[in-house]
Q: 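Shown below is the structure under consideration.
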Amino acid sequence: MDKVMRMSSEKGVVIFTKSSCCLCYAVQILFRDLRVQPTIHEIDNDPDCREIEKALLRIGCSTAVPAVFVGGKLVGSTNEVMSLHLSGSLVPLIKPYQSLLYQAN
């Protein structure tokens, strides 16, 4: 769990993903469309993948991936992120991490 906490607080917006997860990709695109360059940790490329998944679930993620952290705090998985976005609460949360120079492809 220490590794997850350290990794989740190293940048403003951090997303734990798996390379084969389509919902992970959708969440990444959402953040990029909102002009945020998240740090992506593809846990299936990490030798501690199973331990990271277990730690994310213990921390409170409804599913292990995607797991989104903003400012070192767990936001949640796809459902929580999309609910925040639809309610208008996501943009104020990520505003400090938005870039005027970053353009989504």
Side-chain angles (χ1 to χ4, degrees):
M1 185 146 21
D2 291 339
K3 181 177 183 175
V4 169
M5 296 312 292
R6 185 180 70 255
M7 292 167 72
S8 66
S9 60
E10 63 189 17
K11 296 286 184 181
V13 178
V14 177
I15 306 174
F16 290 87
T17 70
K18 284 190 174 179
S19 56
S20 61
C21 174
C22 62
L23 292 176
C24 296
Y25 180 74
V27 168
Q28 289 178 54
I29 295 301
L30 171 65
F31 278 93
R32 289 189 179 125
D33 284 350
L34 295 173
R35 297 189 336 263
V36 173
Q37 178 92 36
T39 297
I40 307 297
H41 292 292
E42 285 190 350
I43 65 172
D44 51 346
N45 295 326
D46 191 304
D48 297 326
C49 179
R50 293 269 187 232
E51 290 77 24
I52 292 171
E53 283 181 312
K54 290 176 188 174
L56 290 168
L57 293 171
R58 280 195 305 270
I59 290 169
C61 263
S62 55
T63 61
V65 293
V68 177
F69 290 79
V70 175
K73 296 179 182 172
L74 176 66
V75 171
S77 194
T78 309
N79 287 342
E80 293 82 11
V81 169
M82 293 303 178
S83 293
L84 284 171
H85 184 52
L86 292 173
S87 72
S89 301
L90 183 61
V91 171
L93 186 65
I94 62 171
K95 192 164 188 68
Y97 310 108
Q98 287 180 313
S99 171
L100 297 175
L101 300 175
Y102 179 71
Q103 295 181 354
N105 292 334

Q: Atom CG of Leu23 and atom OG of Ser77: how far apart are they, to the nearest 0.5 Å?
A: 7.5 Å
Q: Within a strict 4.5 Å, meaning less than it, do heavy atoms of the Phe69 and Thr39 side chains meet?
A: no
Q: Output every pair passing side-chain hydrogen bond (donor to acceptor under 3.5 Å, both in side chains) with a member in residues 4-17, not counting sequence neighbours, ordered by first then second residue.
A: Glu10-His41
Q: Working to the nearest 0.5 Å, report the span between CD1 of Ile15 and CD1 of Ile43.
A: 13.0 Å
Q: Counting only heavy atoms from other residues, nucleotides and ligands, does the tally under 6.0 Å from NZ of Lys95 exceed 12?
A: no
Q: Establish whether Leu57 and Phe16 are linked, either directly or via other cluster members, by ILVMFWY side-chain heavy-atom contacts under 4.5 Å.
A: no
Q: Nearest 0.5 Å, what's the CD-SG distance between Glu42 and Cys49?
A: 11.0 Å
Q: Counting heavy atoms not belonging to Asp2, are there more than 12 under 6.0 Å from its CG?
A: no
Q: Evaluate the side-chain proximity of Leu30 to Met82: yes if any heavy-atom separation is below 4.5 Å, no if none is.
A: yes
Q: Looking at Ala64 and Ala67, what are the two nearest heavy atoms and their distance?
A: O-CB, 3.5 Å
Q: So among Val68, Val14, Leu56, Ile59, which one has a side-chain contact (heavy atoms from CB on, under 4.5 Å) with Leu74?
A: Ile59
Q: For Glu53, what residues pass the salt bridge (Lys or Arg N to Asp or Glu O under 4.0 Å) criterion, not counting sequence neighbours?
A: Lys18, Arg50
Q: Just verifying a value: how many Å separate Asp48 CG and Met7 CE, rounded to the nearest 0.5 Å?
A: 9.0 Å
Q: To the nearest 0.5 Å, tell me how far Leu34 CG sits from Tyr97 OH.
A: 15.0 Å
Q: Supply the atom-to-atom distance Ile40 CD1 to Tyr25 OH, rounded to the nearest 0.5 angstrom.
A: 11.5 Å
Q: Quick one: closest heavy-atom pair of Pro66 and Cys21, and the distance?
A: CD-SG, 4.4 Å
Q: Please report the shortest heavy-atom distance between Val4 and Ala55, naming the atom on each side.
A: CG2-CB, 3.7 Å
